[in-house]
Asks: 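To start, I am sharing the structure in question, which I have written as structure tokens.
Keep in mind the model is a prediction, meaning the values are calculated, not measured. Side chains included, hydrogens not; waters and symmetry mates left out as well; all remaining heavy atoms used. Here, residue 1 is the first one in the sequence, and each next residue gets the next number.
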Amino acid sequence: MDYEILVSEDAERDLDDFIRYLLFEKENEQAARNLLDDFEITKQNLAHVAGSLKYCTNPRLREQGYKRINFTAHRYFMLYRIVGDKVIIDNIFYELQDYENRLG
């Protein structure tokens with residue numbers, strides 16, 4: 001089953017923050033472009049595999065229905081929920097971020 005992918009404002013802001021960091025702090029346009037490309041590839045993959053991935057191991061996140069997908073080529077991941085035939089990407093994190101406490 002293919003899902004419709006929706007990206008929340010929070011997830012868009014997360015991605016924008018990472019891109020800004022790469023562009024303005026690291027001054028690396030190629031890295032920013034590569035991250036955007038990887039985001040798009042991962043999002044396309046998610047449309048096909050969202051239902052088959054495991055729920056988060058954190059009890060609070062699992063209770064809220066969160067699953068995780070890692071970016072294909074970078075150390076980032078998306079937290080998402082499935083609602084009917086839609087996947088809602090709620091946040092994007094760098095793998096070393098303390099995301100479990102950020103989400104409460």
Asks: Identify, with sequence neighbours excluded, every residue that meets side-chain contact (heavy atoms from CB on, under 4.5 Å) alongside Glu25.
Replies: Tyr21
Asks: Between Val83 and Met1, is there a shared hydrophobic cluster once you connect ILVMFWY residues whose side-chain heavy atoms come closer than 4.5 Å?
Replies: no
Asks: Hey, could you give me each pair passing side-chain hydrogen bond (donor to acceptor under 3.5 Å, both in side chains) that has a residue in residues 73-82? Not counting sequence neighbours.
Replies: Asp38-His74, Arg75-Glu95, Arg81-Asp90
Asks: Could you report the tightest heavy-atom contact between Asp14 and Ile92, atom names first, then the distance?
Replies: OD2-N, 2.9 Å
Asks: Using side chain to side chain donor-acceptor pair (under 3.5 Å) as the criterion, list what pairs up with Ser8, not counting sequence neighbours.
Replies: none
Asks: Looking at Glu40 and Lys43, does any basic side-chain N land under 4.0 Å from a carboxylate oxygen?
Replies: yes
Asks: With Glu12, which residues qualify under side-chain contact (heavy atoms from CB on, under 4.5 Å), at least two apart?
Replies: Val7
Asks: With sequence neighbours left out, write down each residue that passes side chain to side chain donor-acceptor pair (under 3.5 Å) with Gln30, or none if nothing qualifies.
Replies: Arg33, Asn34
Asks: Listed by chain and number, what are the side chain to side chain donor-acceptor pair (under 3.5 Å) partners of Asn58, not counting sequence neighbours?
Replies: none
Asks: Taking salt bridge (Lys or Arg N to Asp or Glu O under 4.0 Å) as the test, write out the residues that go with Arg20, two or more places apart.
Replies: Asp16
Asks: Work out which heavy atom in Met78 is nearest to a heavy atom in Ile89; give both atom names and the distance.
Replies: SD-CD1, 3.5 Å
Asks: Any side-chain heavy-atom pair from Leu15 and Phe39 closer than 4.5 angstrom?
Replies: yes
Asks: Following the transitive rule for hydrophobic clusters with a side-chain heavy-atom cut-off under 4.5 Å over Ile, Leu, Val, Met, Phe, Trp and Tyr, establish whether Phe71 and Leu53 coincide in one cluster.
Replies: yes
Asks: So, taking the atom named OG1 in Thr42 and the one named CG in Asn45, what distance separates them when rounded to the nearest 0.5 Å?
Replies: 6.0 Å
Asks: Show the nearest heavy-atom pair for residues Thr57 and Arg62, with the distance to one decimal.
Replies: O-NH1, 3.0 Å
Asks: Identify whether Leu46 and Ile41 are in the same connected component of the hydrophobic contact network (ILVMFWY, side-chain heavy atoms under 4.5 Å).
Replies: no
Asks: May I have all residue pairs that pass ring pair (Phe, Tyr, Trp, His ring centres under 6.0 Å) and include part of residues 45-69, sequence neighbours excluded?
Replies: none
Asks: Can you name the residues that form a side chain to side chain donor-acceptor pair (under 3.5 Å) with Asn70, not counting sequence neighbours?
Replies: Arg68
Asks: Name all residues meeting the salt bridge (Lys or Arg N to Asp or Glu O under 4.0 Å) criterion together with Asp10; count only those two or more places apart in sequence or in a different chain, and write none if there are none.
Replies: Arg13
Asks: Which heavy atom of Val87 sits nearest a heavy atom of Ala50, and at what distance?
Replies: CG2-CB, 3.4 Å
Asks: Determine whether Ile5 and Ile82 fall in the same hydrophobic cluster, where Ile, Leu, Val, Met, Phe, Trp and Tyr are linked whenever their side-chain heavy atoms lie under 4.5 Å apart.
Replies: yes
Asks: Any chance you could lay out the side chain to side chain contact (heavy atoms under 4.5 Å, CB included) test for Lys54 and Lys67, step after step, and finish with the verdict?
Replies: CA-CA 6 Å; Lys54 294 179 184 177; Lys67 295 184 174 199; over 6 Å; no
Asks: Please tell me if the side chains of Leu23 and Asn28 come closer than 4.5 Å, counting only heavy atoms from C-beta onward.
Replies: no
Asks: Do Asp85 and Asp2 have side chains that approach each other closer than 4.5 Å (heavy atoms only, starting at C-beta)?
Replies: no
Asks: Roughly how far, to the nearest 0.5 Å, is CD of Gln64 from SG of Cys56?
Replies: 9.5 Å
Asks: Applying side-chain contact (heavy atoms from CB on, under 4.5 Å), name anything that partners Gln44, two or more places apart in sequence or on another chain.
Replies: none
Asks: Output all residues satisfying ring-ring contact (aromatic ring centres under 6.0 Å, His included) with Phe77, sequence neighbours left out; order by chain, then residue number.
Replies: Phe93, Tyr99
Asks: Is Tyr94 reachable from Leu35 through a run of hydrophobic residues whose side-chain heavy atoms are each under 4.5 Å from the next?
Replies: yes
